[in-house]
**Student:** 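Sharing a structure here in structure tokens format.
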Amino acid sequence: MKKVLVLDFGGQYNLLVARRVRECGVYCEIKSFRMTMDEVRAFAPDAIIFTGGPATVFDPGAPMIDPEMLSMGVPVLGICYGLQLMMHLLGGQCCKADTREYGKTELTHTASPLFDGVPETAVYWMSHGVEVERLAPGFEIIASTEGCRHAAVQCLEKKLYGVQFHPEVVHTEYGRQILENFLYKICGFRPEWTMASYLEEAVAQCREKIGNGRVLLALSGGVDSSVAAALLQRAVGRQLTCIFVDHGLLRKDEGDQVEHVMTKQFNVDVRRVNAGPRFLSKLAGVTDPERKRKIIGEEFIRVFEEEAKKIGAVDFLAQGTIYPDVVESGLGGESTVIKSHHNVGGLPDCVDFKDIVEPLRRLFKDEVRQLGLELGLPEQLVWRQPFPGPGLAIRVIGEITEEKLSILRDADAIFREEMALAGLDRTTSQYFAVLTDLRSVGVMGDERTYDYTLALRAVQSQDFMTATWSRIPYDLLDKISGRIVGEVKHINRIVYDITSKPPATVEWE
């Protein structure tokens with residue numbers, strides 16, 4: 001299978017570049033620009049993409065590569081800093097731009113394989129304060145903007161291409177087509193990267209690595225760990241044991257659903273620990289969200305330790321690590337640091353194991369969901385809403401009690417049900433309910449009430465670094481509000497959070 005090396009120079013869109021390539025059905029991996037030529041040859045890329053970055057190419061200490069990378073005979077696409085670096089290394093020259101371009105900009109191109117089928121003039125996303133002043137030998141201009149003469153360049157003979165804009169972002173109107181032109185028409189790739197092919201490969205690799213060994217997995221009930229469990233079960237069957245620590249802070253019926261799917265449908269050995277009372281006792285009287293997180297993280301480790309000791313020594317510890325975790329922890333390096341368990345704290349050092357198995361470490365979140373469907377996991381589990389490790393503990397503002405948790409579970413379940421019925425469950429990035437610590441006066445029937453205010457939160461986001469509040473139709477909000485107030489006791493007021501990130505965060509705590 002053909003593969004692309006995405007060389008990262010610290011750009012904010014590095015993950016997005018890789019995602020876009022994968023969406024075209026082509027496999028790629030992100031690596032640091034610090035790769036040596038021996039490492040590049042060992043990776044054996046069939047094409048290379050240089051990402052953007054914040055540095056200035058002609059400043060001392062700017063990220064550099066071995067120029068030999070540009071003469072390997074494989075197609076190269078340089079984006080923003082990647083274009084400037086290409087020119088710098090091949091005999092061109094860059095300078096500070098007279099006019100810094102940022103945001104949507106009209107660009108006009110000439111005939112080029114890179115722009116095949118793209119309208120001559122369209123809107124592109126620019127973000128640069130440096131531009132190409134003189135082209136390297138063998139290159140020609142193929143696109144310009146009003147303020148940037150060298151907005152795109154090419155060297156047809158060597159299959160080297162550079163663009164000053166960002167084709168990977170949605171603001172570039174024909175960005176997907178430009179990437180497809182590079183991958184399909186210039187590189188000659190076909191869309192071979194599918195979850196069916198990945199599943200077959202991953203199962204084979206897990207079987208080879210694990211052999212007859214025993215595997216232990218911390219099952220959280222989230223999408224990543226559930227997909228990892230299903231994949232490992234297919235690979236090694238009953239050699240896998242999952243410890244499912246139910247801390248009593250899950251959503252309505254979530255623990256039962258996960259246990260049922262894993263044990264009945266996939267025949268996984270699941271050791272469920274119903275530790276809700278234990279966690280609640282530790283959280284009694286605690287209102288500070290950071291203390292909540294710390295207490296839950298520490299207690300999770302203690303419970304996991306106790307259950308792991310009952311099982312005894314295992315050969316492998318499995319984790320639901322996904323590709324963004326790998327990139328953010330070291331740009332694809334083979335780190336042996338154990339990943340935090342969904343933001344609730346690291347797994348314990350005392351668990352006796354020989355090695356780590358991470359069957360999802362090459363996948364993005366959307367690919368994990370696709371793999372889950374390929375494995376036969378039910379859609380309601382695969383498309384489950386993102387959920388923080390501390391669970392409802394940070395969606396109950398203030399002190400946590402079983403009564404508050406019960407109120408929030410019922411209200412949140414109604415919100416999720418109505419969003420699904422309206423067909424918004426897969427088009428809304430994240431949505432949930434928050435039980436505030438605020439009480440207010442209300443009237444229900446002929447009686448005065450003094451009950452809780454519930455907040456609804458829904459956002460749209462690509463990477464969750466930023467998010468905008470979702471414009472849920474008023475009639476749907478009205479229906480949700482009416483159902484919650486009518487069906488859930490002790491809630492008499494519903495508010496909708498219309499704050500984007502920033503200045504707010506997605507979660508309230």
Side-chain angles (χ1 to χ4, degrees), residues 16 19 169-171 221-223 249-254 257 289 365-366 369 373 378-388 390-398 404-440 442-444 449 451-509:
L16 195 53
R19 282 189 62 184
V169 303
V170 296
H171 309 295
V223 176
L249 303 166
L250 299 174
R251 290 170 289 205
K252 190 172 184 177
D253 301 327
E254 203 161 53
Q257 183 195 36
K365 190 72 171 187
D366 55 335
R369 294 188 194 278
L373 295 174
E379 289 197 2
Q380 62 265 34
L381 195 157
V382 170
W383 289 100
R384 175 165 289 155
Q385 277 289 299
F387 195 56
L392 298 181
I394 58 169
R395 292 181 182 174
V396 170
I397 308 301
K404 285 184 175 181
L405 290 171
S406 178
I407 293 170
L408 181 55
R409 282 193 191 96
D410 289 343
D412 184 74
I414 291 172
F415 186 22
R416 288 185 287 121
E417 179 184 341
E418 290 297 336
M419 288 288 283
L421 289 172
L424 297 177
D425 54 327
R426 299 193 187 177
T427 58
T428 306
S429 301
Q430 188 170 358
Y431 56 92
F432 54 90
V434 176
L435 186 65
T436 74
D437 205 24
L438 175 67
R439 286 188 159 188
S440 63
V443 178
M444 298 185 71
T449 61
D451 282 323
Y452 289 107
T453 297
L454 183 86
L456 302 178
R457 178 77 159 143
V459 298
Q460 301 296 135
S461 179
Q462 282 197 330
D463 54 15
F464 286 94
M465 298 298 292
T466 61
T468 57
W469 61 275
S470 299
R471 273 61 173 176
I472 296 177
Y474 289 158
D475 58 346
L476 179 57
L477 286 173
D478 183 50
K479 184 179 180 183
I480 293 167
S481 175
R483 278 198 62 191
I484 291 174
V485 172
E487 298 175 31
V488 183
K489 292 182 178 180
H490 305 301
I491 294 177
N492 67 359
R493 192 178 298 270
I494 310 288
V495 298
Y496 186 52
D497 184 347
I498 60 168
T499 319
S500 293
K501 174 186 179 181
T505 55
V506 174
E507 295 285 348
W508 276 39
E509 287 194 343

**Student:** How many angstroms lie between CG in Leu373 and CG in Leu381, if you round to the nearest 0.5 Å?
**Tutor:** 10.0 Å
**Student:** Hey, could you give me the OG/CD1 distance between Ser440 and Ile491, rounded to the nearest 0.5 Å?
**Tutor:** 11.0 Å
**Student:** How far does CG of Asp451 sit from CG of Leu438, to the nearest 0.5 angstrom?
**Tutor:** 11.5 Å
**Student:** Taking the side chain from Thr505 and the backbone from Glu507, do they hold a donor-acceptor pair closer than 3.5 Å?
**Tutor:** yes
**Student:** So does Glu254 pair up with Arg384, basic N to acidic O under 4.0 Å?
**Tutor:** yes
**Student:** Does any non-hydrogen side-chain atom of Leu405 lie less than 4.5 Å from one of Leu249?
**Tutor:** yes
**Student:** Using a 3.5 Å distance criterion without hydrogens, assess whether the side chain of Thr428 forms a donor-acceptor pair with backbone atoms of Leu424.
**Tutor:** yes
**Student:** Do Tyr496 and Ile480 touch side chain to side chain, with heavy atoms closer than 4.5 Å?
**Tutor:** no
**Student:** So Arg439 and His490, do their side chains get closer than 4.5 Å, heavy atoms only?
**Tutor:** no
**Student:** Compute the centroid of each ring, for Phe415 and then for Tyr431, and state whether the two points are separated by less than 6.0 Å.
**Tutor:** yes
**Student:** For Asp497 and Thr499, which I'm curious about, is there any donor-acceptor pair between the side chains at under 3.5 Å?
**Tutor:** yes
**Student:** If you round to the nearest 0.5 Å, how far is CZ of Phe387 from CG of Leu392?
**Tutor:** 4.0 Å
**Student:** Gln460 and Ser470: side chain to side chain donor-acceptor pair (under 3.5 Å), yes or no, with the steps?
**Tutor:** CA-CA 6 Å; Gln460 301 296 135; Ser470 299; 2.9 Å; yes
**Student:** Got a salt bridge between Asp366 and Arg19, using NZ or NE/NH1/NH2 to carboxylate O under 4.0 Å?
**Tutor:** yes
**Student:** When Arg483 is tested against each of Val488, Ile494, Ile414 for side chain to side chain contact (heavy atoms under 4.5 Å, CB included), which residue passes?
**Tutor:** Ile414
**Student:** If the threshold is 4.0 Å, N to carboxylate O, is there a salt bridge linking Lys252 and Glu417?
**Tutor:** no
**Student:** For the CG atom of Asn492 and the CD1 atom of Ile484, what is their distance to the nearest 0.5 Å?
**Tutor:** 12.5 Å
**Student:** Is Arg416 salt-bridged to Asp412, going by a charged N under 4.0 Å from an acidic O?
**Tutor:** yes
**Student:** Let me see the working for Arg369 and Glu379 under salt bridge (charged side-chain N to carboxylate O under 4.0 Å, His left out), right down to the final yes or no.
**Tutor:** CA-CA 9 Å; Arg369 294 188 194 278; Glu379 289 197 2; over 6 Å; no
**Student:** Side-chain contact test, heavy atoms from C-beta onward, threshold under 4.5 Å: evaluate it for Thr453 versus Val495 and give yes or no.
**Tutor:** yes
**Student:** Do the side chains of Glu509 and Arg395 get close enough for a salt bridge, i.e. N-O under 4.0 angstrom?
**Tutor:** no
**Student:** Could you tell me whether a side-chain N or O of Ser461 sits under 3.5 Å from a main-chain N or O of Ala467, the two making a donor and an acceptor?
**Tutor:** no
